Amino acid sequence: FTLHRGRAEAICDAMIARELRLPFHCQTRADRVDPALLERMADDARAIGRSFGTLLKRAGGSTVAVGYDGRQSSPMLEHAVVEGLTASGCDVVQIGLSATPMLYYAEASDAKVDGGIQITGSHNPPNYNGFKMVFQGRPFFGQDIQRIGEIAASGDWEDGAGTVSERPVMDSYIERLLEGLDGIDRTALASLKVGWDAGNGAAGPALEQLVAKLPGEHHVLFAEVDGTFPNHHPDPTVEENLEDLRALVAEKGLDFGIAFDGDGDRIGAIDGTGRVIWGDQLLMIYAQDLLQRRAGATIIADVKASRALFDHVEAHGGKPVMWKTGHSLIKSKMKETGAPLAGEMSGHVFFADTYYGYDDALYAGVRLIAASARLGHSVTELRGAMPDMVNTPPASVNSRSSGSVAGNSAVRMYSSEDSCRFTAGYLRPARTPWNVRLTLCNSRSTSRSRSRRGSQLCPNRKTAIVGVLSRSWCLVICR
């Protein structure tokens, strides 16, 4: 959904994603923002705010918390959203520049706040921006977003004159994060050495305050908020973005390192040897720790997680549940099942045992320290005990037709497996129902012969190489 389309009708047509991701493609050759495009973007953001406020008022709510990340377009969008919310009669509580979990905290910790909107582009490129929303304590996505588009297109808005106030949440938020270490002897953590990489994202200021109160020795990279992300892109699921953190851990002899995405709701990590701890592997550590206290608990993971995770949860007495990818979908499933823990391969981790159930990478960092202490093993030891897995990077297959392959697919499987199948846009082991078959073929041949080999394995189907597993094998997608 591009804000600069500039008309309410476009909002209705384009709001079909789970989240709004709004390209800020309005720079001129002189690298300056085009005022006309900027104005149309503000109009669209104002319409979104007023439509959200209308829905909230009709549901009996009246107060919305609003925050924004460090992108250059965020203050303007925040201002426009606030105007739209107040025009609907909603009162607005501004929390200012903040990580997304701080917005979630502002909504969850105050019974007087009925909803929240965070202006953020998350881990997307600097010229993108968007909104993450919470509505009366639940995720706001899917049909909710389409409803906003319908209201904006018809102009069916509530009228009013809401108030605007400010609420600093930083101090209380940091104190709430520190409760993740409750029950742990902090003197035992005095020798702990951890590296942190904020990636110039919105979590930087909160991270600096947090580590100042944590036991042990802490080293922080790129805490200054800069929406151009001058050092590296703030996506910790891409291994090249962890190189600065890996170098820091090696140089300082640290126990492990933690990285965040642009708005602080996704975590990435490396152990003391520089190995990446992927999202499902982090969830293995969190689950093992939690199941010591909550035997038989339900642990939810998205479909991109490895089978090793689900086996690990079962081995430690938990009930693993596989669910759809998407942080809003996962949070909804947690509410449905009462699960105290969930996670995604993308690094979204959700704690509902002693926390609020939303994805907070800073809290996940605290809980990694706590899990290591309670389990009696270093993070490096916990990572080293995990089985080796074959990986391919995420592969995007773009198509506009319904029922076609979804983007951002990924493979993580045991090396003993020789095939996977594709379900609802994600890859799972071969025993699942399928509409797309993924086949391993020899990659020593030329690109042309690899495609021909794929066609021979899957006759009468379109084929494409989507990832190389090793020098000997590559992965072919056929549909």
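What you see is a predicted model; the values in this text were computed from it and never measured.
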Measuring from atom CG of L214 to atom CZ of R186, what distance do you get when rounded to the nearest 0.5 angstrom? 7.5 Å
Closest non-hydrogen contact found for A342 with M334 is CB-SD, 3.6 Å
Side-chain H-bond candidate by donor/acceptor type, D302 with H348, under 3.5 Å: no
Donor-acceptor pair, side chain of H233 and main chain of H123, under 3.5 angstrom: yes
Can E344 and R266 be counted as an ion pair, charged N to O under 4.0 angstrom? no
Identify the heavy atoms of D69 and G121 that sit nearest to each other, and give their distance. OD2-N, 3.1 Å
Any donor-acceptor pair under 3.5 Å from D261 side chain to D265 backbone: yes
Atom NE2 of H316 and atom CG of D289: how far apart are they, to the nearest 0.5 Å? 10.5 Å
Donor-acceptor under 3.5 Å (T120 side chain, D263 main chain): no
Compare all side-chain heavy atoms of E314 with those of P320 and state whether any distance is below 4.5 angstrom. yes
To the nearest 0.5 angstrom, please state how far the OH atom of Y173 sits from the CD1 atom of I95. 10.0 Å
May I ask you to decide if G96's main-chain N or O and S98's side chain share a donor-acceptor pair within less than 3.5 Å? yes
Output, in order, the C-alpha distance, side-chain angles, deciding distance and verdict of salt bridge (Lys or Arg N to Asp or Glu O under 4.0 Å) for D359 and K132. CA-CA 12 Å; D359 38 340; K132 291 183 179 179; 5.6 Å; no
Point-to-point distance, once rounded to the nearest 0.5 Å, from CG of N231 to CG of D197: 8.0 Å
Given the rule in the side-chain contact (heavy atoms from CB on, under 4.5 Å) test, do L178 and E175 qualify, once you have shown the distances and angles that lead to the verdict? CA-CA 5 Å; L178 292 169; E175 291 303 315; 4.1 Å; yes
Compare all side-chain heavy atoms of I148 with those of F140 and state whether any distance is below 4.5 angstrom. yes
Go through the steps for L248 and L254 under the test side-chain contact (heavy atoms from CB on, under 4.5 Å), then give the verdict. CA-CA 8 Å; L248 176 68; L254 307 182; 4.0 Å; yes
Just checking, R383 and F256: is the charged tip under 6.0 Å from the six-membered ring centre and within 45° of the axis? no
Check whether any side-chain heavy atom of I119 lies under 4.5 Å from a side-chain heavy atom of V66, and answer yes or no. yes
Of the non-hydrogen atoms in T237 and W278, which two are nearest, and what is the gap between them? O-CZ3, 3.4 Å
Side-chain donor or acceptor of D280 paired with backbone N/O of M345 under 3.5 Å: no
Pair D360 + R176, salt bridge at N-O below 4.0 Å: no
Side chains of N241 and P234: closer than 4.5 Å at any heavy-atom pair? no
Within the 6.0 Å centroid threshold, strictly below: Y105 and Y358: no
Main chain of I369, side chain of S372: is a donor-acceptor contact present, judged purely on distance under 3.5 Å? no
Surrounding CD of E224 (heavy atoms of other residues, nucleotides or ligands, distance under 6.0 Å), is the total greater than 12? no
Looking at side-chain heavy atoms only, is the closest gap between W196 and L362 below 4.5 Å? no
Kindly give the heavy-atom pair with the smallest separation between F52 and G116, and that separation in Å. CZ-O, 4.1 Å
Begin from the C-alpha positions of I285 and M386 and carry the test side-chain contact (heavy atoms from CB on, under 4.5 Å) through to its verdict. CA-CA 10 Å; I285 296 173; M386 297 175 186; 3.6 Å; yes
Contact between T337 and V321 at the side-chain level, heavy atoms closer than 4.5 Å - yes or no? no
V366 versus L181: any side-chain heavy-atom pair under 4.5 Å? yes
Looking at S122, is its backbone amide N or carbonyl O close enough to the side chain of R71 to form a donor-acceptor pair, meaning the two atoms are under 3.5 Å apart? yes
May I have the step-by-step check of side chain to side chain donor-acceptor pair (under 3.5 Å) for S74 and N129, ending in yes or no? CA-CA 7 Å; S74 292; N129 217 327; 2.9 Å; yes
Using atom types as modelled and distance alone, determine if a side-chain donor or acceptor of E107 lies under 3.5 Å from a backbone N or O of G137. yes
H312 side, atom NE2; L283 side, atom CG - distance, nearest 0.5 Å: 9.0 Å
Under the side-chain contact (heavy atoms from CB on, under 4.5 Å) rule, what do D144 and F135 come out as? Steps first, then yes or no, please. CA-CA 10 Å; D144 299 320; F135 189 94; over 6 Å; no
Answer yes or no: is there a side-chain heavy-atom contact under 4.5 Å between I277 and D271? yes
Is the cationic atom of K331 (NZ for Lys, CZ for Arg) positioned less than 6.0 Å from the six-membered ring centroid of F141 and within 45 degrees of its normal? no
Passes ring-ring contact (aromatic ring centres under 6.0 Å, His included), F351 versus Y363? Steps please. CA-CA 9 Å; F351 295 92; Y363 185 72; 5.4 Å; yes
Output the distance between atom NE2 (H327) and atom OG (S346), rounded to the nearest 0.5 Å. 9.0 Å
When every non-hydrogen atom of G67 is compared with those of L103, the smallest separation belongs to N-CD2, 3.8 Å
For this output row, return yes or no: ring centroids of H232 and F222 closer than 6.0 angstrom. yes
F131 and A45: which non-hydrogen atoms are nearest, and at how many Å? CZ-CB, 4.0 Å
